[in-house]
There are 2 protein chains.
Amino acid sequence: MKQISSRFSIAVHILSLIAISSKDCTGDFIADSVNTNPVIIRRIIGMLKKAGLVEVRSGVGGASLLKDPDQISLLDVYRAVEVIEDGKLFNFHDEPNPACPVGRNIEAALRSEMMEAQSAMEQRLSQVTLDQLTVQFQ
Amino acid sequence: MKQISSRFSIAVHILSLIAISSKDCTGDFIADSVNTNPVIIRRIIGMLKKAGLVEVRSGVGGASLLKDPDQISLLDVYRAVEVIEDGKLFNFHDEPNPACPVGRNIEAALRSEMMEAQSAMEQRLSQVTLDQLTVQFQ
DNA sequence: ACCGTTGTAACCATTTTAGTTACTTCGGGA
DNA sequence: TCCCGAAGTAACTAAAATGGTTACAACGGT
């Protein structure tokens, strides 16, 4: 990968805006704050809906949170926007040669370390909630 | 991103093979163990050379380590293969609207949390050395 | 001089990403 | 009831990353 998709940062932006804003959060209003196309916003809100984080008033429009901001962690958002394939941050090359001692054993050993590293990151994300961010937006 | 490139797992494979193998580690020999094209191996070895981890006997061929396996961490390898852009694991969407309190403040707040999460992962990678892996390849 | 090996360049197919246009559907207000 | 703003989605695009491949020049022992 190059980088983890900006879907994640946009999703956090969207949720922060909904949490803070008193006015109706329509796709166009959010798109103006994020500075992107409204369709991008709708797509990401669709993912947040699927994850049970927000709801959208159909017809009239406007999104609202389904959880308190102190009950939404950055990990929840990260997982909602499906930023990585199959839940695995690290890719592993296909089918090393089983006839070689390294080829035969490296996958188990390295995958285990990859999971530890990934967990360390996700655990850190899980410790930060939306309200811990929004208090900084005076 | 989809996933962190398999360049990382291949690089670890390559270094493990060099560390363990008694015979000459040519690109073709390594490619056979990794099960990929020799050019892929040469490209990654080039990155490991640039990072000062290996050297290659020119003309005759064969790679060898420039450091003891207990002095090479997974983080060293991870950084050597330039798996992420600009050293930043997370991407951040461009230019949120400064006229909005969220748009104006979210970048600093979120980037700080992104760095913490990235550091947690990298710190875990830095704790594992090549020899801790290779002892598992009997 | 030959031959295996390395270092690259060039090219390719596939996938992801971010953005865009366009169209249908929904539901409230005039 | 008829609009109108909004959401949901399909289809398309351009750009970039990825993994792979062929080809070729340069190097250095035998």
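In what follows, chains are A, B, ... by sequence order, proteins preceding strands, each numbered from 1.
Nucleotide D/dA17 holds its P atom 16 Å from the CD1 atom of B/Ile40, rounded to whole Å. For the pair B/Ile10 CD1 and D/dT18 P, the computed distance is 12 Å after rounding to whole Å. The CZ atom of B/Phe8 sits 15 Å away from the P atom of D/dT18 (whole-angstrom rounding). As rounded to whole Å, 12 Å separates atom C1' of D/dA17 from atom CE of B/Met47. A/Ile44 has its CD1 atom 12 Å from the C1' atom of C/dG19, to the nearest Å. Counting to the nearest Å, the P atom of D/dA6 and the CD1 atom of A/Ile41 are 14 Å from each other. In this entry the distance linking NZ of B/Lys2 with P of C/dT15 reads 8 Å, nearest Å. Taking atom CG of residue B/Asp86 and atom P of nucleotide D/dA16, one finds them 16 Å apart after rounding to whole Å.
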Extract all donor-acceptor atom pairs below 3.5 Å that involve side chains of residues 106-120 of chain B and protein atoms in other chains or at least two apart in sequence.
from	atom 1	to	atom 2	distance (Å)
B/Glu107	OE2	B/Arg111	NE	2.9
B/Glu107	OE2	B/Arg111	NH2	2.8
B/Glu113	OE1	A/Arg124	NH1	3.2
B/Gln118	OE1	B/Leu89	N	3.1
B/Gln118	NE2	B/Gly87	O	2.6
B/Gln118	NE2	B/Glu122	OE2	3.0
B/Ser119	OG	B/Met115	O	2.9

Review item, side-chain donor-acceptor pairs of residues 34-52 of chain B, under 3.5 Å, at least two apart:
from	atom 1	to	atom 2	distance (Å)
B/Asn35	ND2	A/Glu95	O	2.9
B/Asn37	OD1	B/Val39	N	2.9

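How far CZ of B/Arg79 is from CG of B/Leu53: 12.5 Å, rounded to the nearest 0.5 Å.
Using a 3.5 Å distance cut-off with no hydrogens or angles, the side chains of B/Asp76 and B/Ser73 do pair a donor with an acceptor. Donor-acceptor pairing under 3.5 Å is lacking for the side chains of A/Asp28 and A/Thr26.
Each of B/Ile45 and B/Asn91 has a nearest nucleotide on DNA chain C; the 5'-most of these lies closest to B/Ile45.
Among the protein residues, B/Arg57 comes within range of no part of the nucleic acid, since none of its heavy atoms lies under 4.0 Å from any strand. Backbone-only contact: B/Gly62 has heavy atoms under 4.0 Å from sugar-phosphate atoms and none from a base.
For the pair A/Ser5 and C/dA18, the criterion of a side-chain N or O lying under 4.0 Å from OP1 or OP2 is met. Listed pair B/Lys49 / C/dG7 meets the phosphate criterion, a side-chain N or O lying under 4.0 Å from OP1 or OP2.
Of all non-hydrogen atoms in B/Cys25 and B/Leu17, the two that sit nearest each other are SG-O, 3.9 Å.
The side chain of A/Arg43 approaches C/dG19 more closely than any other nucleotide in the set C/dG19, D/dA16, D/dG19. If you check D/dG19, C/dT6, C/dT20 against the side chain of B/Ser6, the one that comes closest is D/dG19.
Between the side chain of A/Ser9 and the backbone N or O of A/Ser6 there is at least one donor-acceptor pair closer than 3.5 Å.
Contact of the A/Gln136 side chain with the A/Leu133 side chain is registered, since non-hydrogen atoms from C-beta on lie closer than 4.5 Å.
Listed by first then second residue, pairs satisfying ring-ring contact (aromatic ring centres under 6.0 Å, His included) with a partner in residues 91-111 of chain B read A/His13-B/His93, not counting sequence neighbours.
Contacts between residues 14-38 of chain B and DNA chain D, defined by a heavy-atom separation under 4.0 Å, are made by B/Thr36, B/Asn37.
For B/Phe90, the ring pair (Phe, Tyr, Trp, His ring centres under 6.0 Å) partners are A/Phe8, not counting sequence neighbours.
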Please list each protein N or O that sits under 3.5 Å from an N or O in nucleotides 22-30 of chain C, with the distance.
from	atom 1	to	atom 2	distance (Å)
C/dC26	O3'	A/Ser58	OG	3.3

